[in-house]
Protein chains: 2
Amino acid sequence: MSSPDPPVTRRARPSGREARQRARATPPAAPPYLTRAIPPYELLSEEGLEQVERHADLLLEEIGLEIRGDLEAIRLWRDAGARISGEWRVHVPRGLAREIVRRSAPREFTQHARNPARSVRIGGNHTVFAPAYGPPFVSDLDRGRRYGTLEDFCNFVKLAYATPWLHHSGGTVCEPVDVPVNKRHLDMVYAHIRYSDKPFMGSVTSATRAADSIEMCRLLFGEDFVARHCVILGNVNVNSPLVLDGEASRVIRTYAAANQAPVCVPFILGGAMGPVTTAGGLAQCFAEATFCVALGQLERPGSPAILGNFLSSMSLRSGAPTFGTPEPALAYLAIGQLARRLGVPLRCGGNLCAAKVADAQAAYESANSMWPALLAGANFVLHAAGWLEAGLAMSYEKFVMDADQLGAFHTLSRGISLDDNGFALEAFREIGPGKHYLGSAHTLANYQSAFYDFELADNNSYEQWSAEGSRDQLERANRRWKSLLEAYEPPPLEAARDEALRDYVARRKQAMPDEIG
Amino acid sequence: MSSPDPPVTRRARPSGREARQRARATPPAAPPYLTRAIPPYELLSEEGLEQVERHADLLLEEIGLEIRGDLEAIRLWRDAGARISGEWRVHVPRGLAREIVRRSAPREFTQHARNPARSVRIGGNHTVFAPAYGPPFVSDLDRGRRYGTLEDFCNFVKLAYATPWLHHSGGTVCEPVDVPVNKRHLDMVYAHIRYSDKPFMGSVTSATRAADSIEMCRLLFGEDFVARHCVILGNVNVNSPLVLDGEASRVIRTYAAANQAPVCVPFILGGAMGPVTTAGGLAQCFAEATFCVALGQLERPGSPAILGNFLSSMSLRSGAPTFGTPEPALAYLAIGQLARRLGVPLRCGGNLCAAKVADAQAAYESANSMWPALLAGANFVLHAAGWLEAGLAMSYEKFVMDADQLGAFHTLSRGISLDDNGFALEAFREIGPGKHYLGSAHTLANYQSAFYDFELADNNSYEQWSAEGSRDQLERANRRWKSLLEAYEPPPLEAARDEALRDYVARRKQAMPDEIG
């Protein structure tokens, strides 16, 4: 069951009505991941960055971080030179956590997809967009808001597959609440494999489920390939402030031991799980994430990892978490600099919002999150599509709206082409003052690739827009996701591997009684 | 009628119900203009910037720019060393336009408001937000879309006055279509003066109307004060490509001669008024704007000016202008660098969009315009609130939505405070791992100023939001602008000056027959 390369899949060629449907539904070809030709934004000075590092060090050394219930992780840290106080408190000497990371964590790595053309490069000046993660609810204009099901889950996997601007299938794109909580991960991983050929994420709710996820990758990619290559990510939250739950630390170690990539994510709602001021939250976040990435390196030096962050602000009026606000944007920009100094890929959140419906609030807040994520040089953008209600709901409409926006960030990231064609001097000579460029040779040669065109934007006149029913973007998005699902065709999957995966899922499910979440 | 200082105005103190209403309607105090503590974004390298400058020079020297119908402007350029071909074509030797600007244009200047506390600093690391400019239509949720009237005009002046995040009253906030086209400017300038005490813009539709606008400032501020200080801006569009209409050039010269500031704005829809590629549009824009700023300096060296740009992309599907797209965003970032090298304040467009309603499209596109404008280091952001329909309509709802977003950019611009309070080390020591910060001394001390809180965002739970009527942001914005107008009170204006202004308006109106636009 081992193979030197991942199984190649080819798409069946559609014909007739299907082909036309697909042509309509398929936007311009996109690269498997985004490569930024524009520089990241440098918010803090060298001195400012050192201050943040110094404070992160202080937190790790003086106050320490507890790993509650994972003696092996404690042992790894003790052997690496940390002082242990009480049962679980790890005090890391100044600079040691960063040194461990620098010593062996890869600056960038490839996460392989079962379709090699979809493998993604994580780190450096590359950015990978993945759907929202974790919402228990789903919503759409027709059926409203409701608990997510496995059918919804599969739909979002299909939508991410059909969307050229999403590079990744994600993980828990919504909770399939109709499946017992201890068996969901099997159906989720299977759905990612079966309905997409993009890279994906595995379970993190327990070390056993993480191991299941990795085992399914071995069935898909072959054992040897998995031992040598990253094929799965696991998104692990820190129990901020300054606590790593033993199960979470075992999940980090499980992924690292298998040479797979934990995404280490402090989850800090400022004023609750961390101080209310940005510099403090930033130092805490950097300390916690570096600590977790270092733990993966202690488990298996050289294994891939991603340094994550999830920082949110709070409403003065209600104490509710808020998104798209300027404080987390500033923290993104700073943590991007810190991650580059450390030399480890960075995760940021994507199109985040607190809105209950995909309205102007949702869009402003989402754009206010995506701009700093991209300018921070984020390498892996989770929650890049679909996020609503502070992460409680996955919206079908917002999913396609956000994806449309992600396309624009591809163009933005290419920067300005300063070649002769870009400067168009011949066109200026041809046209001269006071005439228009609509029919010029230069315009005709460049017209089709010149401008990014939002699929869901209506740029028509008010009169035409009215005549067509005065539809807002929400209504247009409703049509869009339905047409994408209608045109969906699964990528082929070798029957023997599919069989092996189904068999694994069935056996594992049979071995456990159902647990209700 | 001259005065060494502008007339000081004081707000009458409201009481009782009015005071409560105002308290509700008045967000936290804001500075008279924004000062950026964060660095601008550096998109292009030194070499890239030189390439753009070289191409801009090439356009000005080889192809030239026509000033159609202003012999005095042609004479000024000839005397400055330009070669004139044909009747109107000005060929500017390489580097001369930039040299003229560098020689005398101020890097930054103050535009004085009649309330000195509202005067704005334009240039350097300062940013001034002004409402949308020019829409013939207005719209709101109750009455829909319709032609703008003087009543609408006054309403938007009042709203801008009531909004702490708008620093400027703007100019033609909407066209008062119910006033004859040759008399509108008088009513508009009077409305800015009467219903606000923030700085404002004058007429640019003819040199005579520009002169009227400046004359009204003399009545308000005193002749001596106006001679020595900038009190009014005039936003002048270039007739791109490479043509400056003689009336426009006279308007530039009229403002400059009076020591007031023309805002020189190439209006380039890529593929129509310029080439379809970004580098070409950028070089053209920079050439045209520099040429116009230089003309102001030739008219009166040392007079203030703003270098503007208005670049839009085009829909592949319809040829319609599009906004919030990545190409103009990139051009903003580059022109910001060019303006800094040149040493002249920069105008960028603000919350631009092509949407017909203030929905998700409007918000995504607007944010996609504002982020690059701010990061470009724009000093004067026109169209910062209310813009809809590619500039054809001024929306009451979008006005307050955009203003809410502008507040967040104030916070963003402050950057991260890296002092002891910001790093909150004592709070970490107090709380330790695994506990929450809600009641900590540090949280209580910082809570109220810690996070920007969007007024129009709903951050409540889905259940609460539903119970309150499932209102989207558009509906909340509808309530908001009405409550702002209801609570509006005009700033006091000295009776003698008001009288003089009214008298001037009446006399000028009487001197002309009505013209229909």
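What you see is a predicted model; the values in this text were computed from it and never measured.
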Would you check if the side chain of [X] reaches a backbone N or O of [Y] as a donor-acceptor pair within less than 3.5 Å?
X: B/Glu66; Y: A/Gly434; value: no
X: B/Tyr41; Y: A/Pro39; value: yes
X: A/Asp359; Y: B/Gln473; value: yes
X: B/Lys356; Y: A/Arg471; value: no

May I ask you to name which of [options] has the most heavy-atom pairs under 4.5 Å with chain B?
options: A/Leu333, A/Leu392, A/Thr325; result: A/Thr325
options: A/Val52, A/Asn239, A/Leu65; result: A/Val52
options: A/Trp371, A/Phe323, A/Tyr452, A/Phe454; result: A/Trp371
options: A/Ser440, A/Gly64, A/Gly415, A/Ala358; result: A/Gly415
options: A/Ile416, A/Val243, A/Thr278; result: A/Ile416
options: A/Ala393, A/Pro275, A/Ser461; result: A/Pro275

Check whether [X] gets within reach of chain B through its side chain, its backbone, both or neither, counting any heavy atom under 4.5 Å.
X: A/Pro328; value: neither
X: A/His442; value: both
X: A/Met273; value: backbone
X: A/Ala408; value: both
X: A/Arg414; value: neither
X: A/Asp420; value: neither
X: A/Glu42; value: backbone

Practice problem: Report yes if some heavy atom in the side chain of A/Val357 is under 4.5 Å from a heavy atom in the side chain of B/Trp465; otherwise report no. | Solution: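 Yes, at least one pair of side-chain atoms sits under 4.5 Å.
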What heavy-atom pair brings [X] and [Y] nearest, and what distance separates the two atoms?
X: A/Ala279; Y: B/Leu418; value: CB-CD2, 4.0 Å
X: A/Arg68; Y: B/Pro433; value: NH2-O, 3.8 Å
X: A/Ala367; Y: B/Asn368; value: CB-OD1, 4.2 Å
X: A/Ser366; Y: B/Tyr364; value: CB-CE2, 4.2 Å
X: A/Leu425; Y: B/Leu59; value: CD1-CD2, 3.9 Å
X: B/Thr277; Y: A/Asn421; value: OG1-O, 3.4 Å

Practice problem: Can you spot which of A/Leu456, A/Asn459, A/Asp404 makes a side-chain contact (heavy atoms from CB on, under 4.5 Å) with B/Gln361? | Solution: A/Asn459
Quiz prompt | Ion pair check, B/Arg145 and A/Glu463, cut-off under 4.0 Å | solution =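 A salt bridge is present here (some side-chain N lies under 4.0 Å from a carboxylate O).
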Practice problem: Step through the shown structure and confirm whether more than 12 heavy atoms of other residues, nucleotides or ligands are within 6.0 Å of CD on A/Glu475. | Solution: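 Buried by this count: over 12 neighbours within 6.0 Å.
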